[in-house]
Amino acid sequence: MANFSKSNVPQFSVDVYQNEYLPEGGREVNAVVTVTATGGGTIGSAVAAPHLYSPGEGPSAAVVLMLDCSGSMDHPPTKMRNARDATAAAIDTLRDGVHFAVVAGTHLAREVYPGDGRLAVAGPDTREQAKQALRKLGSGGGTAIGTWLRRADRLLASADVAIRHGILLTDGRNEHESPEDLKAALDACAGRFTCDARGVGTDWEVKEVTGIASALLGTADIVADPAGLAADFTRMMETAMGKEVADVSLRLWTPAGATVAFVKQVAPTVEELTGRRTEAGPRAGDYPLGSWGDESRDYHLCVRVPPAAVGREMLAARVSLVIPHPDKGVQNLGAQGLVRAVWTDDLAASTSINPQVAHYTGQAELADVIQEGLDLRKVGDIDGATAKLGRAVQLARASGNADTAKLLAKVVDVVDAATGTVRLKAKVEEADEMTLETRSTKTVRVKK
């Protein structure tokens with residue numbers, strides 16, 4: 001059985017940033033929780049799942065690459081060639097010993113390599129065999145992404161590994177199955193593997209691709225120019241190969257009388273987690289955080305506590321991290337943070353907004369108003385779209401989110417960023433609008 005004391009397993013830490021002071025009778029407690037995993041440490045004497053590591057390697061892992069091979073991938077023909085090259089580049093990035101498979105997705109899901117419901121084990125020979133199989137791939141047929149995901153799930157489930165991950169590429173809309181079919185597939189796959197999703201070109205549906213990544217705790221992005229696929233696939237696979245601990249959950253305990261208003265990831269992207277809670281005993285719930293390597297993420301928690309008089313204080317919430325354990329059900333990772341509430345009549349103390357909370361409240365609003373503004377633009381509500389996107393420009397400037405500000409400037413003419421005064425551009429490239437929508441949830445970290 002592998003032990004977390006291995007030198008290359010990350011150690012987790014939890015830091016809480018908040019203003020704990022509330023006015024008399026105040027009820028709402030906000031906090032930003034930073035979860036950090038740093039390599040080279042140990043996690044107490046915690047014991048991982050028995051398959052956490054392969055001998056002499058990093059954590060055991062399995063990856064399924066799902067490549068859109070529908071008819072539209074042949075328009076232009078270079079798109080399919082770029083997709084094959086990108087998949088080959090990802091295969092070259094696989095660590096020796098990782099289990100993998102390639103699935104060709106149309107209105108069906110066909111196993112390109114190795115086939116027969118199996119996974120190959122990455123090594124010089126299997127990589128070359130997989131790339132040879134890729135060279136024979138052509139395009140034709142429809143698009144049924146839920147079918148691809150279910151096939152990937154079956155393949156990944158066949159491996160006794162710690163990390164299960166998918167990479168999905170599509171260039172079109174999911175036209176050959178209903179939205180209900182796709183949702184059912186995502187519900188069935190959630191918690192079983194993580195998945196990064198990419199849209200290539202501009203004929204795909206942003207909400208479909210981002211919805212897949214969101215449901216499966218992965219990343220989503222646009223590759224407007226197919227020539228950029230190989231570099232993007234290589235980066236994705238490098239990140240996947242860096243994951244070391246799977247199925248981490250944030251456990252939130254609250255005292256009697258307190259309720260959780262929301263839990264959301266706010267960096268590196270905004271991701272709503274409130275509805276994903278699973279109960280974990282009296283007054284405790286688990287929120288899925290996916291797989292982790294050497295990285296740091298921020299989460300915004302809001303807890304409503306019973307009102308109290310000046311001078312009272314209480315523990316509003318206790319935050320810890322857990323993973324599944326083969327014998328104990330879950331294993332605590334040893335990292336903990338406390339969220340406090342203290343009632344005061346000091347007006348300055350109770351009205352001060354913690355800088356981290358203020359920053360990420362603005363970042364979450366930024367993601368929302370971009371989406372709302374683009375939706376209004378699509379239905380022809382010029383005034384509404386201008387107001388929302390103007391607010392987005394204002395928020396991006398105030399928070400120092402330069403990348404989002406640049407994307408907004410391709411959709412609106414900025415008159416005054418400080419006041420959010422903008423004009424909608426008369427003509428916007430479809431790729432620019434889709435890039436803004438796809439990347440609207442990306443945030444900048446607060447300067448601590």
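What you are looking at is a predicted structure, and each value in this text was computed from that prediction instead of being measured.
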Mutual orientation of the aromatic rings belonging to His176 and His107 [parallel < 30°, tilted 30-60°, perpendicular > 60°]: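 Tilted, since the angle between the ring planes falls between 30° and 60°.
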Under-4.0 Å salt bridge between Asp153 and Arg150: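 Salt bridge: no.
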Short N-O contact, Lys79 and Asp74, less than 4.0 angstrom: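 Looking at Lys79 and Asp74, the cut-off is not met.
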Residues [X] and [Y]: side-chain donor-acceptor under 3.5 angstrom:
X      : Y      : result
Arg276 : Tyr287 : no
Ser214 : Glu271 : yes
Asp286 : Ser249 : no
Thr435 : Asp432 : no
Gln265 : Thr269 : yes

Within 45° cone and under 6.0 Å: Arg198 NZ/CZ vs Trp204 ring: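 Pair Arg198/Trp204 does not count as cation-pi.
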Distance (rounded to the nearest 0.5 Å) between Phe100 CZ and Ile91 CD1: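 Nearest 0.5 Å value for the CZ-CD1 distance: 5.5 Å.
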Check against salt bridge (charged side-chain N to carboxylate O under 4.0 Å, His left out), Arg439 and Asp221: CA-CA 7 Å; Arg439 299 179 183 172; Asp221 207 352; 2.7 Å; yes
Residue pair Lys410 / Glu433, side-chain heavy-atom distance below 4.5 Å: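 No. Closest side-chain heavy atoms not under 4.5 Å.
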Over 12 foreign heavy atoms within 6.0 Å of NZ, Lys406: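 Incorrect, the count does not exceed 12.
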